[in-house]
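All values below come from the heavy atoms of this structure, side chains included, with hydrogens, waters and symmetry mates left out.
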Amino acid sequence: MSGLRKSGTTSTTGTSGATGTPGASAATAGPRGRWRGRAVAAAFLLPALVLLGALVVHPIGYSLYRSFFDRSGETFVGVDNFREIFADDTIRTALRNTAVWVVLAPTTATVLGLVFAVLTERVRWGTAFKLVVFMPMAISMLAAGIIFRLVYEADPDRGVANAVWVGVHDTFAESSAFPKARPGRDSPLVPAGGGAYVTKEPVRAGVPVLLPLVGVAPDALPDGTRPAVAPAAEPGKVTGTTWQDFTRGGGGRTNAVDPAESAYAGMRIEAVRDGKVVERTTARADGTFTLSAKADGAVLRLPAENFREPYAGVDWLGPVLVTPAVIGAYVWMWAGFSMVLIGAGLAAVPRELLEAARVDGAGEWQVFRRITVPLLAPVLAVVLVTLVINVMKIFDLVFVIAPGSVQDDANVLALQLYRTSFGTDADQGLGSAIAVLLLVLVVPVMLYNIRRIRREGRR
């Protein structure tokens with residue numbers, strides 16, 4: 001019995017000791033393990049935190065600190081730099097243009113991306129189209145700026161935009177071939193107002209009329225221009241010649257047709273009596289023209305359309321259109337980005353919902369407006385917010401595309417920040433204030449984006 005009790009006691013004691021020791025070691029190892037895990041996590045996070053502090057936190061803090069000092073950085077000026085932001089006309093223009101950018105650029109790029117994504121879903125060459133639209137994203141802002149600086153070139157022979165615009169315009173309103181022609185010395189023609197010229201005296205049938213002009217460069221004359229021919233008299237008709245009364249190299253007689261002088265082929269001529277046009281004609285290739293007896297006693301008029309300046313297109317980079325023109329370059333680059341993101345969201349839209357709506361009699365516009373767009377709302381919000389943040393810091397496109405003479409008109413906050421901080425009259429105190437203002441403007445958009453991401457994560 002005693003032996004049994006002894007062995008039982010021993011067994012119980014041993015068991016209790018065995019079970020107690022691991023528990024104690026686990027309790028001891030728990031805090032150490034947690035501290036070790038935290039140390040490892042801190043070691044991994046430390047480089048990122050150092051970089052974040054050096055590249056983000058410190059610049060933001062120093063910019064905020066510097067914004068309260070003058071340009072030398074030695075005199076504390078309080079909020080004077082922030083007051084100057086709203087008092088300076090150039091900075092106010094930058095603020096206004098930034099607002100225009102925030103409203104127009106992201107909205108236009110998002111809408112175009114949505115349209116492209118929806119329309120290319122049903123075409124066989126949709127992938128190729130998406131590739132072409134997205135390709136500008138592979139180009140840097142600097143390169144895109146150089147490209148569009150050439151696109152918006154004022155000369156139609158160099159600028160693509162004006163070449164197309166002038167071509168369309170001239171299809172419906174032909175330009176004149178003699179834009180700078182004018183009467184010379186002792187000419188029988190005098191100005192008639194509105195850019196037209198008339199003869200000093202009425203013309204008579206059977207008496208040839210000379211209509212000399214000067215001022216058109218020989219190289220600017222129409223192709224196929226021939227030497228002028230003196231008019232021949234015809235009974236009962238008014239005849240004449242219109243030509244360039246100038247001999248290259250000198251010589252020749254004034255108000256007389258010389259063999260080396262060029263005809264004004266295609267010149268429009270009108271016979272006017274009592275303020276009414278009684279007959280019209282056009283000069284032949286050799287400059288001669290003929291009018292019937294109706295022109296007898298009338299004055300001849302060369303209408304202003306003969307001398308209209310050729311249409312030179314639109315001043316894309318002028319003070320009025322420079323901001324929309326630069327926004328157009330931005331949309332060209334970022335519409336592809338919007339299209340790709342929206343296309344990815346569109347691929348996740350349940351097709352059965354769309355087909356059910358069509359079966360119920362909904363048209364394509366109704367399906368798009370009432371089903372596709374609401375289902376794509378989260379994706380559209382991502383694209384729009386991303387582009388708004390991107391637009392806030394737009395700099396290089398404006399800097400490269402806008403000529404120096406209109407940079408004040410195209411100015412935006414990021415460009416003004418650069419010009420103020422590092423320009424010829426650098427004021428880093430004011431530049432820091434502009435940087436703080438940019439941060440304040442971006443923060444609400446970032447907070448909205450964070451809330452949206454958290455909301456999406458809880459679903």
Side-chain angles (χ1 to χ4, degrees), residues 7-68 102 106 110 113 134 137-138 140-141 334 336-350 375-395 414 417 428 431-459:
S7 65
T9 305
T10 304
S11 174
T12 304
T13 306
T15 304
S16 131
T19 54
T21 305
S25 63
T28 307
R32 293 179 182 175
R34 283 195 297 271
W35 281 108
R36 188 180 297 112
R38 290 173 183 173
V40 171
F44 277 104
L45 287 175
L46 184 60
L49 292 175
V50 169
L51 287 175
L52 183 67
L55 301 179
V56 177
V57 177
H58 175 264
I60 291 175
Y62 182 75
S63 296
L64 181 61
Y65 167 81
R66 188 67 175 82
S67 65
F68 295 111
V102 168
T110 303
F134 186 75
M137 284 297 298
S140 69
M141 285 280 194
W334 287 87
F337 168 82
S338 304
M339 178 193 65
V340 169
L341 289 189
I342 295 171
L346 194 60
V349 172
L375 290 175
L376 287 176
V379 179
L380 295 177
V382 170
V383 173
L384 200 59
V385 170
T386 303
L387 292 182
V388 167
I389 295 174
N390 184 267
V391 157
M392 286 283 193
K393 57 180 183 173
I394 194 70
F395 162 78
L417 167 61
Q428 293 193 357
S432 298
I434 297 174
V436 172
L437 175 62
L438 262 176
L439 176 64
V440 169
L441 293 176
V442 170
V443 163
V445 184
M446 294 174 60
L447 291 177
Y448 167 79
N449 206 24
I450 292 170
R451 290 181 60 189
R452 184 192 55 77
I453 291 172
R454 287 177 177 173
R455 211 165 40 240
E456 291 292 326
R458 287 194 295 267
R459 288 182 180 176

Next item on the list: Please report the C-alpha distance between L441 and M392 in whole Å, then the side-chain angles of each, then the deciding distance to 0.1 Å, and finally whether the side chain to side chain contact (heavy atoms under 4.5 Å, CB included) criterion is met.
Entry: CA-CA 8 Å; L441 293 176; M392 286 283 193; 4.0 Å; yes
Would a 4.5 Å heavy-atom cut-off, applied to side chains only, mark [X] and [Y] as touching?
X: M137; Y: V340; result: no
X: T386; Y: N390; result: no
X: F337; Y: L387; result: yes
X: L346; Y: V349; result: yes
X: M141; Y: I394; result: yes

Identify the heavy atoms of [X] and [Y] that sit nearest to each other, and give their distance.
X: S63; Y: S432; answer: O-CB, 3.4 Å
X: V391; Y: V102; answer: CG1-N, 3.8 Å
X: G431; Y: L417; answer: O-CD1, 2.9 Å
X: I342; Y: V379; answer: CA-CG1, 3.9 Å
X: G336; Y: F134; answer: O-CD1, 3.5 Å
X: S338; Y: G113; answer: CB-CA, 4.0 Å

If you round to the nearest 0.5 Å, how far is [atom2] of [Y] from [atom1] of [X]?
X: I389; Y: N449; atom1: CD1; atom2: CG; answer: 5.5 Å
X: L49; Y: F44; atom1: CG; atom2: CZ; answer: 13.5 Å
X: L341; Y: L376; atom1: CG; atom2: CG; answer: 11.5 Å
X: L384; Y: Y448; atom1: CG; atom2: OH; answer: 8.0 Å

Checklist line | Criterion side chain to side chain contact (heavy atoms under 4.5 Å, CB included) on V442 and K393, from CA distance to verdict | finding: CA-CA 9 Å; V442 170; K393 57 180 183 173; over 6 Å; no
